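Working notes, structure below.
Numbering of ligands and ligand atoms starts at 1, following listing order. Owing to the predicted nature of the structure, the values given are computational and were not obtained by experimental measurement. Heavy atoms only: backbone and side chains are in, while hydrogens, waters and symmetry mates are out.
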Amino acid sequence: MLKYVIKGPNKGAIGSVNIEGAKNSCLPLLASSILFQDSIELTNAPMVSDVLTMCNLLEVLGSKVIISEKKKSIKVINKNKHKLIVPYKLISTMRAGVLLMGALLGRYPKDKISCARPGGCSLGERPTNFSIDGFKHLGAQYNLKNGYTNLIAKNGLVGNTYKFPKVSVTGTSNMILASVFAKNTTTLRNVSREPEVLDLINFLNASANYKFIYFKGYRTIQINSIKKLTKGSHQIIGDRIEAFSYLCVGAITRGKVKVNNVNPKHLPKELEILKKMGCKIKIDNFSIGIDAKRKLKPVSIKSAPWPKFATDNLPILIAVLTTIDGKSKVEENVFSQRFQCVPELKRMVASIKIKKNTATIIGKKLLSAECICSDLRTAFAIILGAIAATGTSKIFRVYHSKRGYYQLPKKLKKLGINIKAIS
Ligand code: EPU
């Protein structure tokens with residue numbers, strides 16, 4: 001099985017990295033293809049395994065999917081009615097498959113939709129109750145049988161008001177997808193404002209040639225019903241999490257790295273924190289440069305929905321903080337198990353103590369170790385630790401990293417990192 005071997009310490013990473021399109025934009029955009037009678041084309045599409053799994057799911061449902069890795073484009077063509085069963089086999093490997101529930105219900109409300117329930121995941125329990133409650137508010141009936149969520153709105157969906165109990169990215173996108181053709185008007189309160197949700201809204205509005213989905217308040221969206229969607233094309237925004245990951249390669253090696261093809265406005269809190277740590281940050285319209293060639297300072301940070309610090313970036317920052325002299329504090333407020341990188345970084349002698357949802361980190365020099373990845377962002381955190389650690393680290397189960405990072409070893413090598421991918 002593929003593993004990464006990293007020889008460290010790697011110091012002064014230098015160079016630039018081109019960031020892929022955002023995985024977490026591409027997944028709901030692909031799900032939205034179900035709503036279209038003809039086709040959609042996405043450009044700047046990341047060729048990562050989660051995206052390919054979603055393409056597979058669409059094919060299972062009857063869409064034709066044409067992927068060009070060279071052009072970074074995905075075309076989804078709908079000629080026939082979709083199948084309305086989302087099977088367990090594929091959805092069990094990727095939670096974002098639940099977005100197909102909203103899209104199928106939105107397009108075929110009067111037919112029975114069956115979607116296998118996704119399991120928990122390594123980040124903790126990840127329920128879908130907000131989507132289900134929201135669909136019920138639109139008039140759908142729901143039951144759970146043989147592990148499948150069944151949905152039907154015999155009289156069609158009718159717009160209503162739904163308030164999310166907690167900000168949810170997938171919940172918001174799922175409800176948008178379900179509401180597009182629902183009669184009258186739908187109002188969603190306490191919604192996610194993550195750039196990826198805005199990307200979906202922008203795409204749907206542009207495809208309808210009409211701004212039918214819009215913000216009425218800071219966390220309130222109104223959706224005015226439309227009759228149909230025919231064709232759409234869209235360039236996906238750059239991946240802010242991948243961008244932060246490579247900026248942290250600059251930080252942990254005290255180097256100078258530039259990331260291209262990302263909107264700096266999508267990382268407000270992250271850039272503020274890097275500056276607080278003493279890094280010099282230079283931004284352009286679509287690039288960010290980090291200069292960390294200096295002594296860095298410890299920080300305290302809490303994760304929260306956008307525009308605050310992203311939960312996905314927390315393990316990545318933790319890895320950097322393990323190498324910075326002094327005491328840092330990191331508080332996780334979204335998932336129950338975001339600290340899975342901690343036992344792995346501790347193998348590299350990192351000093352981290354966890355109490356409830358807070359990790360206290362005392363910076364020191366890391367030593368190489370053999371480590372196992374348990375989820376996507378943990379994988380990058382471990383890689384960062386190995387980059388800084390003295391000696392040769394071996395990293396196993398790196399398939400987790402492929403879910404969201406395209407050509408990771410190649411991009412790291414370009415920055416001067418001593419990494420080998422060995423099968
Ligand atoms: N929640 C519920 N019920 C729901 C939905 C969510 O209780 O029905 C809770 C969750 O348990 C969590 C919080 O609400 O405590 C927020 O979860 P959210 O729904 O926002 O997460 P998600 O949509 O499942 C997306 C990203 C994650 C990212 C989170 C938070 C995609 C495909 N995934 O997940 O990305 O961590 O938002 O920003 O967009 C990743 O890329 O590795 C990844 C895990």
Check against side-chain hydrogen bond (donor to acceptor under 3.5 Å, both in side chains), Tyr162 and Thr186: CA-CA 8 Å; Tyr162 179 69; Thr186 301; over 6 Å; no
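- The closest side-chain donor-acceptor pair between Tyr142 and Thr149, if any, does not fall under 3.5 angstrom.
- Close approach of ligand 1 to Arg377 is summarised as follows: ligand atoms under 4.0 Å from at least one heavy atom of the residue are 40 (C), 41 (O), 42 (O).
- For His400, there are no ring-ring contact (aromatic ring centres under 6.0 Å, His included) partners two or more places apart in sequence or in a different chain.
- For Glu196, no heavy-atom contact with ligand 1 is shorter than 4.0 Å.
- Remark: Asp111 engages Lys81 in a salt bridge, criterion side-chain N to carboxylate O under 4.0 Å.
- The CG atom of Asn18 sits 7.0 Å away from atom NZ of Lys411, with the distance rounded to the nearest 0.5 Å.
- Contact between Val167 and ligand 1 is present, with at least one heavy atom of the residue lying under 4.0 Å from the ligand.
- The residues Lys23 and Glu196 are annotated as not salt-bridged, no charged nitrogen and carboxylate oxygen being separated by less than 4.0 angstrom.
- Residue Arg338 approaches ligand 1 through these ligand atoms, each under 4.0 Å from one of its heavy atoms: 36 (O).
- Atom CZ of Arg347 sits in a crowded spot, with more than 12 heavy atoms from other residues, nucleotides or ligands closer than 6.0 Å.
- Polar contact check, Glu194 against ligand 1: no nitrogen or oxygen pair lies under 3.5 Å apart.
- In this structure, Pro127 counts as a contact residue of ligand 1, since one of its heavy atoms falls inside 4.0 Å of the ligand.
- Annotation: atom 33 (N) of ligand 1 to nearest protein heavy atom, Asn24 ND2, 3.7 Å.
- Counting only heavy atoms of the protein, atom 3 (N) of ligand 1 lies nearest to Asn129 OD1, 2.7 Å.
- Residue contacts with ligand 1 do not include Met54, since none of its heavy atoms lies under 4.0 Å from the ligand.
- Only the side chain of Thr311 comes within 4.0 Å of ligand 1, counting heavy atoms alone; its backbone N, CA, C and O stay farther away.
- Of all protein heavy atoms, the one lying nearest to atom 23 (O) of ligand 1 is Thr170 OG1, 2.5 Å.
- Looking from atom 8 (O) of ligand 1 to the surrounding protein, the closest heavy atom is Phe130 N, 2.9 Å.
- Between the side chains of Glu270 and Asn313, a donor-acceptor pair is found at a separation under 3.5 Å.
- Distance OG/Ser192 to CG/Leu200: 10.5 Å, rounded to 0.5 Å.
- Scanning the protein for heavy atoms near atom 37 (O) of ligand 1, the closest one is Val169 CG2, 3.4 Å.
- Interface atoms of ligand 1 facing Thr128, defined by a heavy-atom separation under 4.0 Å, are 8 (O).
- Nearest protein heavy-atom neighbour of atom 43 (C) of ligand 1: Asp312 OD1, 3.3 Å.
- Of all the heavy atoms of Lys23, the ones lying under 4.0 Å from any atom of ligand 1 belong exclusively to the side chain.
- Asp38 and Asn78 are not linked by any side-chain donor-acceptor pair at a separation below 3.5 angstrom, with hydrogens and angles left out of the test.
- Residue Ser168 has at least one nitrogen or oxygen atom sitting less than 3.5 Å from a nitrogen or oxygen atom of ligand 1, judged on distance alone.
- Remark: minimum distance from atom 10 (C) of ligand 1 to any protein heavy atom is reached at Phe335 CE2, 4.2 Å.
- Using a cutoff of 4.0 Å between basic side-chain nitrogens and carboxylate oxygens, Asp312 and Arg338 are scored as salt-bridged.
- At a threshold of 4.5 Å between non-hydrogen side-chain atoms, the residues Leu99 and Leu30 do not count as touching.
- Under 4.0 angstrom from ligand 1, there are no non-hydrogen atoms of Ile241.
- Looking only at heavy atoms of the protein, atom 15 (O) of ligand 1 is closest to Val334 O, 2.5 Å.
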